[in-house]
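Below is one structure, written out as structure tokens; the observations come after it.
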Amino acid sequence: MFVLFVLSLASLVCSTTARPSTSSYLENHFSNDSEEVRSAAIKRLLEVFGMDDPPAIQGHKQPPQYMLDLYNTVADVNGVTRDPYLLEGNTVRSFFDKLRSEQVEFRFNLSSVARSEKVLTAELHLFKLRPQATLTFNRHHFCQVSVFQLLDTSKNNSTQDRKLLSSRLIPVHSTGWEVFTITQAVRSWMVDEGSNVGLHVVVRTLGGSQMDLKLIRFASGRNHHQSKQPMLVLFTDDGRRSATLESPDPNDTTATSSLPTAPMSGPSSRSVRSVDYSEEEGTSSPCQRQPLYVDFEEIGWSGWIVSPRGYNAYHCKGSCPFPLGQNMRPTNHATVQSIINALKLIKGIDTPCCVPDKLFSINLLYFDDDENVVLKQYNDMVAGSCGCH
């Protein structure tokens, strides 16, 4: 309920940008305090998304295709989670290689990851280039690719300068992305940031000899397009858990089926007047779910949020009169309360409230301050259905 209140306030702020009539409304009601209210609302909304300030992104950036594909797998067009069990943890980050070396050495800056986050899986993504034509008929059909963690010998009091993380056979004539698990190294870097001196990739023949680097080549950050650059993908859990209602069962499609497949605009001025009129006449519609579209562009966040452009949070509105029908999804407590209210057995007992009884999570794909692309899942962001509680 608290999250939905914040979103309602944000929706009010959104309207100040695009609708002059609403701006006049705000000025009349908040007077000189309107900017202060707007600033406080945006600050509180950032806290909901786990941020102190919006990331400052310079120019148009293109997110990695892997992150776009991952987002489209776990979320629908509005960002609503398709299945809460599809994503490992609740945060996925992608990092580009900072060394930009022509050699097979890589280093990634992980300073944007909070120490409190639990590292679940870390993957090194390398794009294997097609062998040069003159070497196509080489007698080698497979090669052994090994990924090592480079060690700082001055710290570990050892002569060993590297540790094997992952190794497997790869077809020599293949092309495309190859993924290696390097979770052990990243966990050690999170404990001691100074131990992050990079990764080293070694390619050998099945006989153990050094492979011709012209035959086995991986794209580098220096000489190849960004879409093929070496990348570290990190799956973590930041410890944020649902504070109110449980996420929907992945097999339960009854609630999600009513969610729209396209953004919904706010109600027209005519519909607003009709609602106000009915309230003035003392009538009120029964408890039901109403649209509440949050537009990130109107808030001013479109520069750093990749997807979605906005989402429908919905809100619950309406009365819970006696007797409460099953269509109002009442709890036993709400049913008893409505009876006490109707019979006026105790003074000061109101009718039950119309509130969300099912909440869904949404996913945000965005750039952080270091221009890394982050996919994050936020709980309790969409009212899936409403009931009398």
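FYI, side chains are in, hydrogens and waters are out, and symmetry mates aren't considered; it's all heavy atoms of this structure. Count residues from 1 along the sequence.
A distance-only check finds no donor-acceptor pair linking the side chain of Asn78 to the backbone of Val80 [under 3.5 Å]. Put simply, the side chain of Arg107 gets close to the backbone of Val197: a donor and an acceptor are under 3.5 Å apart. When atom types are taken as modelled, the side chain of Asp97 and the backbone of Met231 share no donor-acceptor pair closer than 3.5 angstrom. Checking side-chain atoms of Ser94 against main-chain N and O of Val373 turns up a donor-acceptor pair under 3.5 Å. The main-chain N or O of Val74 is never found under 3.5 Å from a side-chain atom of Arg82 such that the two would form a donor-acceptor pair. Side-chain atoms of Tyr378 do not come within 3.5 Å of backbone N or O of Val48 as any donor-acceptor pair. No donor-acceptor pair closer than 3.5 Å links the side chain of Asp370 to the backbone N or O of Asn372.
With 2.5 angstrom as the limit on SG-SG distance, Cys287 and Cys320 do not come in below it.
Taking Ile340 as the reference, Val336, Leu345, Ile346, Ile349 meet the side-chain contact (heavy atoms from CB on, under 4.5 Å) condition, with sequence neighbours excluded. Legend: residues meeting salt bridge (Lys or Arg N to Asp or Glu O under 4.0 Å) with Lys128, ordered by chain and number and at least two apart, are absent. Qualifying side-chain contact (heavy atoms from CB on, under 4.5 Å) partners for Pro286, counting only residues two or more places apart in sequence or in other chains: Met328. With sequence neighbours excluded, the residues that form a side-chain contact (heavy atoms from CB on, under 4.5 Å) with Gln210 are Arg204. Asn327 meets the side-chain contact (heavy atoms from CB on, under 4.5 Å) test with no other residue; sequence neighbours excluded. With sequence neighbours excluded, the residues that form a salt bridge (Lys or Arg N to Asp or Glu O under 4.0 Å) with Glu117 are Arg93. With sequence neighbours excluded, the residues forming a salt bridge (Lys or Arg N to Asp or Glu O under 4.0 Å) with Arg168 are Glu178, listed by chain and number. Applying the salt bridge (Lys or Arg N to Asp or Glu O under 4.0 Å) criterion to Arg329, with sequence neighbours excluded, gives Asp357.
Pairs passing the ring pair (Phe, Tyr, Trp, His ring centres under 6.0 Å) check and including a residue from residues 174-196, sequence neighbours excluded, read Phe127-Trp177. Sorted by first and then second residue, the disulfide bond (SG atoms under 2.5 Å apart) pairs involving residues 184-220 (not counting sequence neighbours) form an empty list. Residue pairs meeting the side-chain hydrogen bond (donor to acceptor under 3.5 Å, both in side chains) criterion with at least one member in residues 335-353, sequence neighbours excluded, do not occur. The list of side-chain hydrogen bond (donor to acceptor under 3.5 Å, both in side chains) pairs with a residue in residues 62-71, not counting sequence neighbours, reads Gln65-Asp69.
Two residues are said to be in side-chain contact when any heavy atoms from C-beta on lie closer than 4.5 Å; Phe235 and Thr91 fail this criterion. Side-chain contact between Phe96 and Leu232 is absent, with no heavy atoms from C-beta onward closer than 4.5 Å. Within the 4.5 Å cutoff, the side chain of Gln184 has heavy atoms near those of the Lys163 side chain. For the pair Ile42 and Pro54, the minimum side-chain heavy-atom distance is 4.5 Å or more.
One distance of note links CD of Glu105 with CG of Leu150; it measures 5.5 Å at 0.5 Å rounding. Separation of atoms CD1 (Ile170) and SG (Cys143) is listed at 5.5 Å; rounding is to 0.5 Å. Going from atom CD of Gln377 over to atom CG of Asn90 covers 7.0 Å, rounded to the nearest 0.5 Å. Atom CZ of Phe322 is separated from atom CG of Leu343 by 6.5 Å, given to the nearest 0.5 angstrom. Taking CE of Met67 as the reference point, atom CG of Leu365 lies at 5.5 Å (rounded to 0.5 Å). Atom CD1 of Ile182 is separated from atom OG1 of Thr121 by 11.0 Å, given to the nearest 0.5 angstrom.
Comment: Lys376 engages Asp238 in a salt bridge, judged by a side-chain N to carboxylate O separation of less than 4.0 angstrom.
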> Checking side-chain contact (heavy atoms from CB on, under 4.5 Å) for the pair Leu70/Val92: CA distance, chi angles, key distance, verdict?
Replying inline: CA-CA 9 Å; Leu70 184 61; Val92 186; 3.8 Å; yes
> Which is it for Asn379 and Phe360 under the side-chain contact (heavy atoms from CB on, under 4.5 Å) test, yes or no, and what are the steps along the way?
Replying inline: CA-CA 6 Å; Asn379 290 328; Phe360 300 148; over 6 Å; no
> Where do Phe106 and Gln229 land on the side-chain contact (heavy atoms from CB on, under 4.5 Å) test, with the steps shown first?
Replying inline: CA-CA 11 Å; Phe106 312 99; Gln229 286 188 17; over 6 Å; no
> For His200 and Val104, what are the C-alpha separation, side-chain angles and deciding distance, and is it a side-chain contact (heavy atoms from CB on, under 4.5 Å)?
Replying inline: CA-CA 6 Å; His200 183 66; Val104 282; 4.1 Å; yes
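Ser188 and Gln149 are linked by a side-chain donor-acceptor pair at a separation below 3.5 angstrom, with hydrogens and angles left out of the test. A donor-acceptor pair shorter than 3.5 Å can be found between the side chains of Thr81 and Asn363. A donor and an acceptor atom, one from each side chain of Ser167 and Gln144, are located under 3.5 Å apart.
Under the 6.0 Å cut-off for aromatic ring centres, Tyr311 and Tyr293 do not qualify, their centroids lying 6.0 Å or more apart. Taking the six-membered ring for Trp, Trp304 and Tyr366 have ring centres closer than 6.0 Å.
When the shell of 6.0 Å around CG of Asp52 is examined, it contains 12 or fewer heavy atoms from other residues, nucleotides or ligands.
Closest approach of Pro352 to Ala334, counting heavy atoms only: CG-O, 3.3 Å.
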